[in-house]
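Below, chains carry the letters A, B, ... as their sequence lines are ordered, and counting in each starts from 1. Worth knowing before you read on, the calculation uses all heavy atoms, side chains too, and leaves out hydrogens, waters and symmetry mates.
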Amino acid sequence: MTRLATFNVNSIRRRVPHLRRFLARHNPDLVFLQELKCRTEEFPALELADTGYELRAVGQPGGRNGVAVLGRIPFEVTAETLPGDEADGQARFVAVRAAGMDLAGIYLPNGNSGGEDGFGYKLRWMERLADWVQARLDAFAPVAVLGDFNVCPTDADLAPGALPPTDALVRPESRARFRMLLHAGMTDALQALHPQDAPYTYWDYGPAFESNRGLRIDHVLLSPELAERLVACGVDVAARAEEQPSDHAPVWCDVR
DNA sequence: ATGGCTAGAGAGTCTAGA
């Protein structure tokens, strides 16, 4: 059994205790982090050294974006950029090979800033992600994509009225590109195991959590072989109820 | 439909998040 997880920490330097508690509660074999909001060399590796996890951080100057992977099983980093993103300097992608799987941790562009250019960047990023996935599906590789997709796949994936229909997280163009991944053969693990009761993974700061006005935007997508091996998937909603939490909750899944 | 939070940068309020 392998447990995979994803957690948008909204600043790793503010969330070390939360991450440590998540690791202790759920003991994932591999966890991808998003929104480090620090440079690579600022990642608080020493504060996590005693957890026994190996880590690779991909940070970015300016306190934006940033992704990382932590593993208590061996992993090999195969990419730190999504093909096509090499020049833009945004730390949004890390890929590893572990336990015979090709795994990507992603922080997909939000798409609400920068006008139509910003939204176009999001859509093109999603198309490049689909290319990355398709290449591995064509090779029949077991592949999983975990992370903050910044997309509510359907209207069931957000509290009614939580976002206007013009928001980049719910716009039809964003949803169409998410469906491209599903049509290629990927399975939304949480939706597959919890078709009627998939929890949200994000709640805005303020009163949103107590009233459960949330969004489901953090996802685990599995290739067909991995989907057949999927046995459990969940959201660690308790993490969102802690003191000074991230606005996201971790998502985890188990594959045989 | 946000910014009523939160975080970062950096020194006054911006930008960005979703």
Q. How far does the C1' atom of B:dA16 sit from the matching atom of B:dG10, given to the nearest Å?
A. 16 Å
Q: Taking atom C1' in both B:dA18 and B:dA7, compute the distance separating them and give it to the nearest angstrom.
A: 14 Å
Q: Please state how far atom CG in A:Leu163 lies from atom P in B:dG3, giving the value in whole angstrom units.
A: 14 Å
Q) Side chain of A:Glu35: nearest nucleotide among B:dG17, B:dG3, B:dA7? A) B:dG17
Q: Indicate whether OP1 or OP2 belonging to B:dG8 is found under 4.0 Å from a side-chain N or O atom of A:Arg14.
A: yes
**Q.** C1' atoms of B:dG3 and B:dG17, separation to the nearest Å
**A.** 10 Å
Q.
Side chains of A:Leu82 and A:Arg92, heavy atoms from C-beta outward: is any pair under 4.5 Å?
A. no
Q: May I have the distance from A:Lys122 (atom NZ) to B:dA16 (atom C1'), rounded to whole angstrom?
A: 14 Å
Q: Apply salt bridge (Lys or Arg N to Asp or Glu O under 4.0 Å) to A:Glu116 and list each qualifying residue two or more places apart in sequence or on a separate chain.
A: A:Arg171
Q. For A:Tyr107, which contact category applies under a 4.0 Å heavy-atom criterion: base, sugar-phosphate, or nothing?
A. sugar-phosphate
Q: Report which part of the nucleic acid A:Gln244 touches: base, sugar-phosphate, or nothing (heavy-atom distance under 4.0 Å, all strands).
A: nothing
Q: Determine the contact category for A:Gly62: base if any of its heavy atoms lies under 4.0 Å from a base atom, sugar-phosphate if only primed atoms, P, OP1 or OP2 are that close, otherwise nothing.
A: sugar-phosphate
**Q.** N/O donor-acceptor pair, side chain A:Asp247 with base B:dG17, under 3.5 angstrom
**A.** no
Q) In whole angstroms, how far is the P atom of B:dG4 from the CD atom of A:Glu210? A) 18 Å
Q | Out of B:dA1, B:dA16, B:dA18, whichever nucleotide has its closest atom nearest the side chain of A:Ile217 | A | B:dA18
Q.
Is A:Thr166 close enough to B:dA1 that one of its side-chain N or O atoms is under 4.0 Å from OP1 or OP2 there?
A. no
Q: Provide the distance between the two P atoms, one in B:dG4 and one in B:dT15, to the nearest whole Å.
A: 14 Å
Q. When you check the phosphate oxygens OP1 and OP2 of B:dA7, does a side-chain N or O of A:Asn10 lie under 4.0 Å from one of them?
A. no
Q) Is any side-chain heavy atom of A:Val9 closer than 4.5 Å to a side-chain heavy atom of A:His18? A) no
Q) Looking at A:Arg64, does any N or O in its side chain come under 4.0 Å of the phosphate oxygens OP1/OP2 on B:dA7? A) no
Q. With respect to the side chain of A:Tyr205, which nucleotide from B:dT6, B:dT15, B:dA18 is positioned closest?
A. B:dT6
Q: Could you check whether A:Asn8 gets within reach of a base, just the sugar-phosphate, or nothing at all, counting any heavy atom under 4.0 Å?
A: sugar-phosphate
Q.
Run the salt bridge (Lys or Arg N to Asp or Glu O under 4.0 Å) test against A:Glu86 and tell me which residues pass, sequence neighbours left out.
A. none
(Q) Nearest whole Å is fine: how far is B:dA18 C1' from A:Leu108 CG? (A) 13 Å
Q: Check the surroundings of atom CD in A:Glu228: do more than 12 heavy atoms from other residues, nucleotides or ligands lie under 6.0 Å from it?
A: no
Q: Output the single nucleotide from B:dA7, B:dA18, B:dA9 whose closest atom is nearest the side chain of A:His248.
A: B:dA18
Q: Check the distance between B:dA18's C1' and A:Asp157's CG and give it to me in whole angstrom.
A: 15 Å
Q.
Could you tell me if A:Arg136 sits above the aromatic ring of A:Trp132, with its cationic atom closer than 6.0 Å to the ring centre and no more than 45 degrees from the axis?
A. yes
**Q.** Distance in angstrom units between A:Arg15 CZ and B:dA7 C1', rounded
**A.** 8 Å
Q: Measure from CD1 on A:Ile12 to C1' on B:dT6 and round the result to the nearest Å.
A: 16 Å
Q) Across the strands shown, which category fits A:Arg39 at heavy-atom distances under 4.0 angstrom: base, sugar-phosphate, nothing? A) nothing
(Q) What I want to check is whether an N or O donor and acceptor connect the side chain of A:Asn150 with the base of B:dA18 at under 3.5 Å. (A) no
Q: Indicate, with a heavy-atom threshold strictly under 4.0 Å, whether A:Leu215 touches base, sugar-phosphate, or nothing.
A: sugar-phosphate
(Q) What's the closest nucleotide to the side chain of A:Pro164 if the choices are B:dG8, B:dA1, B:dA18? (A) B:dA1
**Q.** Residue whose nearest DNA chain B nucleotide is more 5′ - A:Cys38 or A:Asn65
**A.** A:Cys38
Q. Hey, does A:Ala162 reach any base, or is it just sugar-phosphate, or nothing, if we go heavy atoms under 4.0 Å?
A. base
Q: Choose from B:dA16, B:dA18, B:dA7 the nucleotide whose nearest atom is closest to any side-chain atom of A:Ser113.
A: B:dA16
Q) Rounded to the Å, how far apart are A:Gln60 CD and B:dA9 P? A) 11 Å
Q: Only one of A:Val235, A:Asn10, A:Asn8, A:Ile217 passes side chain to side chain contact (heavy atoms under 4.5 Å, CB included) with A:Tyr202; say which it is.
A: A:Ile217
Q) Using the C1' atom in both, what is the distance from B:dT6 to B:dT2, to the nearest Å? A) 15 Å
Q. When rounded to the nearest 0.5 angstrom, what is the spacing between CD in A:Glu76 and CG in A:Asp102?
A. 9.5 Å
**Q.** Pairwise 5' ranking along DNA chain B for A:Asn110 and A:Asp204, keeping only the more 5' one
**A.** A:Asp204
